[in-house]
Q: 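Got a structure here, written out as structure tokens. Questions coming.
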Amino acid sequence: MLKCAAAFFGLLLLLSAILLGVNWWERSQGQPQEAEFQLEEKIQYKNKSYVLRDNIETLLVLGLDAKDNASSGSYRNDKQADFLTLLVLDKDTDTCKAIQINRDTMAPVDVLGVNGDRLDTQKMQIALSHTYGTGREVSCRNTAKAVSALLGGVNVQYFVSVSVDAVPLYNDKLGGVPVEIMDDFTSFDPVMKQGETLTLTGEQARLYVQSRQGLDDPTNVHRMERQRQYLQSALQVTKQKLQEDKTFMLSALEELDPYWVSNRTAKGLADLVDQYHIDDPEVFYTIEGTTKMGTEFLEFHPDAESIKEIVVECFYTPVE
């Protein structure tokens, strides 16, 4: 009898351990993995010593896919961050570097409750980080936190989100933006032929930076190439406008006030453009990784070494 009881309790303990293990595994699948790279004051990278710089400011630029930029009135909204670029601003040289982030990037994202309190942190597409919050400042801060976690804990100080409605308006304020059309857009607009150099009108610009479906390459990675191409051309036209009129950026921001949200004023953003030459970034970085189909959506899994290399380039200085 004692042997049977011991065997029974032994089996019970074994089953409990298995169930606990399964339960832990299931819960862990919804939790973000620890970032493989964490910001530290001093690091060793490729046989060199580096120290963290203290002369950096950052500005996160979010492009929202939804046209309405009003607050949802709750802590959930339908505005995803389709475009994400972190501008790294160097106080010593008054120059700017840009890190473009794939909207499908799998990253730790805070899930917010009805009162805006953090309920959990889950790994999901980073674009969804903006859907938690009212669609305005709270959502932007949630996305900034996700970007910070993705990049090992870098400080994201400022943010500005812009709804897709602003693209055609700003494009036309520039007088159009010239690009060499990268894809066949003739199903959208007959004049937008692949390989043609065209000065885009407002609606053409929106189609060019937003469209994916119906094109030969519908991936977000390819759309990011078009977005960089358009943005670099638009920044060059902006630079010309600023040379002609130093108040151009401030007046543009004031005109487009209904379409953007920031923790900086219009003048504060215009000052950043002027001081750090945001209209002419030194370099655009993109994080390498792999894209695969998830349970429901495409997932971009970033390469940890690529993240580390970019962060070292932007936030560290070598020790002589």
Side-chain angles (χ1 to χ4, degrees), residues 39 52-64 69 81-101 130 136-148 150-151 153-167 169-171 173-174 177 209 227-228 230-286 310-311 313-317:
L39 223 64
L52 194 63
R53 301 171 63 181
D54 58 3
N55 54 355
I56 296 294
E57 290 186 292
T58 52
L59 171 66
L60 179 63
V61 180
L62 298 83
L64 307 183
N69 206 33
D82 261 7
F83 174 87
L84 299 104
T85 294
L86 183 67
L87 301 179
V88 184
L89 314 172
D90 189 322
K91 294 180 182 179
D92 286 343
T93 60
D94 289 342
T95 55
C96 165
K97 294 177 181 177
I99 305 171
Q100 190 180 16
I101 298 168
H130 191 273
R136 295 182 64 80
E137 288 86 351
V138 173
S139 295
C140 290
R141 290 192 185 94
N142 205 47
T143 303
K145 188 174 180 182
V147 169
S148 174
L150 175 70
L151 299 180
V154 302
N155 183 22
V156 181
Q157 293 165 280
Y158 309 122
F159 57 76
V160 56
S161 70
V162 185
S163 73
V164 70
D165 287 30
V167 173
L169 298 174
Y170 186 68
N171 182 92
K173 187 170 177 63
L174 290 173
V177 174
V209 300
Q227 290 171 340
R228 285 195 303 277
Y230 173 83
L231 184 58
Q232 287 171 320
S233 182
L235 289 172
Q236 287 302 310
V237 180
T238 299
K239 187 176 181 179
Q240 294 168 11
K241 291 288 186 182
L242 285 168
Q243 289 171 349
E244 298 166 6
D245 177 8
K246 291 187 180 297
T247 67
F248 174 80
M249 182 55 63
L250 180 58
S251 65
L253 286 166
E254 288 174 343
E255 285 180 31
L256 297 173
D257 181 68
Y259 304 101
W260 60 271
V261 171
S262 180
N263 57 349
R264 300 271 300 194
T265 63
K267 186 178 186 307
L269 290 172
D271 287 345
L272 288 178
V273 172
D274 182 53
Q275 179 179 352
Y276 294 108
H277 308 285
I278 291 173
D279 51 293
D280 191 15
E282 283 187 325
V283 62
F284 262 90
Y285 295 96
T286 55
I310 291 171
V311 172
E313 288 267 349
C314 293
F315 292 92
Y316 284 86
T317 188

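The shown structure was predicted, so the numbers you read here are calculated from the model rather than taken from an experiment. Because only heavy atoms are used, hydrogens play no part in the values below, and waters and symmetry mates are left out as well, while side chains stay in.
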Q: So, Q100 side chain and T85 main chain: donor-acceptor pair closer than 3.5 Å or not?
A: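 Looks like no, no N/O pair under 3.5 Å.
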
Q: Is a donor on one side and an acceptor on the other found under 3.5 Å between the side chain of K97 and the backbone of E313?
A: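 Judged by distance alone, yes, a pair lies under 3.5 Å.
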
Q: Return the CG to NZ distance between D274 and K246, rounded to the nearest 0.5 Å.
A: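 D274 CG to K246 NZ: 6.5 Å, rounded to 0.5 Å.
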
Q: Is a side-chain donor or acceptor of D279 paired with a backbone partner of Q240 at a separation under 3.5 angstrom?
A: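 Between the backbone of Q240 and the side chain of D279 there is no qualifying donor-acceptor contact (under 3.5 Å).
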
Q: Look only at the side chain of T58 and the backbone of L87, and say whether a donor-acceptor pair between them is shorter than 3.5 Å.
A: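 No, because the side chain of T58 does not come within donor-acceptor range (under 3.5 Å) of the backbone of L87.
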
Q: Should we say atom NZ of K267 is surrounded by more than 12 heavy atoms from elsewhere, each under 6.0 Å from it?
A: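 Open.
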
Q: Does a side-chain heavy-atom distance below 4.5 Å link L269 with L59?
A: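 In short, these two side chains touch, coming nearer than 4.5 Å.
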
Q: Could you tell me whether D90 and R53 make a salt bridge, using a distance below 4.0 angstrom between a side-chain N and a carboxylate O?
A: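 Looking at D90 and R53, the cut-off is met.
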
Q: Give me the atom names and distance for the closest heavy-atom approach of V311 to L151.
A: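 That would be CG2-O, 3.6 Å.
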
Q: Side chains of L89 and I278: closer than 4.5 Å at any heavy-atom pair?
A: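 When only atoms from C-beta onward are counted, I278 and L89 do touch, with a gap below 4.5 Å.
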
Q: How close do T265 and W260 get, counting heavy atoms only, and between which atoms?
A: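 Taking every non-hydrogen atom into account, C-CH2, 4.1 Å.
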
Q: Does Y285 form a side-chain contact (heavy atoms from CB on, under 4.5 Å) with V88? I'd like the steps, not just the answer.
A: CA-CA 11 Å; Y285 295 96; V88 184; over 6 Å; no

Q: Please confirm whether the backbone N or O of L250 pairs with a side-chain atom of T247, one donor and one acceptor, at under 3.5 Å?
A: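 It does not hold such a pair.
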
Q: Compare every heavy atom of L174 with every heavy atom of A234, then report the nearest pair and how far apart it is.
A: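 Answer, listing the atom of A234 first, then L174: O-CD1, 3.9 Å.
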
Q: Yes or no on side-chain contact (heavy atoms from CB on, under 4.5 Å) for V273 and L242, after CA distance, side-chain angles and deciding distance?
A: CA-CA 10 Å; V273 172; L242 285 168; 4.0 Å; yes

Q: First locate atom CG of L64, then atom SG of C140, and finally report the distance between them rounded to the nearest 0.5 Å.
A: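 The distance works out to 7.0 Å.
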
Q: Does the pair K173 and L256 meet the rule for a side-chain contact (heavy atoms from CB on, under 4.5 Å), with working shown?
A: CA-CA 10 Å; K173 187 170 177 63; L256 297 173; 5.9 Å; no

Q: How far apart are the closest heavy atoms of G153 and L39, and which atoms are they?
A: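 Looking at all heavy atoms of both residues, the shortest contact is O-CD2, 3.8 Å.
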
Q: For the atom pair CD1 (I101) and CG (L62), what is the distance rounded to the nearest 0.5 Å?
A: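 Result: 9.0 Å between the selected atoms.
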
Q: Atom NZ of K145 and atom CG of L150: how far apart are they, to the nearest 0.5 Å?
A: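 If we round to the nearest 0.5 Å, K145:NZ and L150:CG are 14.5 Å apart.
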
Q: Any chance you could lay out the side-chain contact (heavy atoms from CB on, under 4.5 Å) test for N142 and H130, step after step, and finish with the verdict?
A: CA-CA 6 Å; N142 205 47; H130 191 273; over 6 Å; no

Q: Using modelled atom types and a 3.5 Å cut-off, is there a donor and acceptor pairing between side-chain atoms of N263 and backbone atoms of F159?
A: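 Between the backbone of F159 and the side chain of N263 there is a qualifying donor-acceptor contact (under 3.5 Å).
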
Q: Name the one of D165, T238, V177, L253 that satisfies side chain to side chain contact (heavy atoms under 4.5 Å, CB included) with Y170?
A: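 Between Y170 and the candidates, side chain to side chain contact (heavy atoms under 4.5 Å, CB included) is satisfied uniquely by T238.
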
Q: Taking the six-membered ring of Y158 as reference, does the cationic atom of R264 (NZ for Lys, CZ for Arg) lie under 6.0 Å from its centre and within 45° of its axis?
A: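 Flagged: R264 positioned over aromatic ring of Y158.
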
Q: Let me confirm one number: the CD-SG distance from E282 to C314, rounded to the nearest 0.5 Å.
A: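 One finds 9.5 Å between CD of E282 and SG of C314.
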
Q: Search all heavy atoms of D94 against all heavy atoms of H277 and return the closest pair with its distance.
A: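 Between these two residues, the closest heavy atoms are O-CD2, 3.0 Å.
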
Q: So which atom in A266 and which in E254 form the shortest heavy-atom distance, rounded to 0.1 Å?
A: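 That closest heavy-atom pairing would be CB-CG, 4.4 Å.
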
Q: Is any NZ, NE, NH1 or NH2 atom of the basic residue among D245 and K241 found under 4.0 Å from an Asp or Glu carboxylate oxygen of the other?
A: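 Answer for the salt bridge query: no.
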
Q: Distance from Y276 atom OH to T93 atom OG1, nearest 0.5 Å?
A: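 Atom-to-atom, Y276:OH and T93:OG1 are 9.0 Å apart.
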
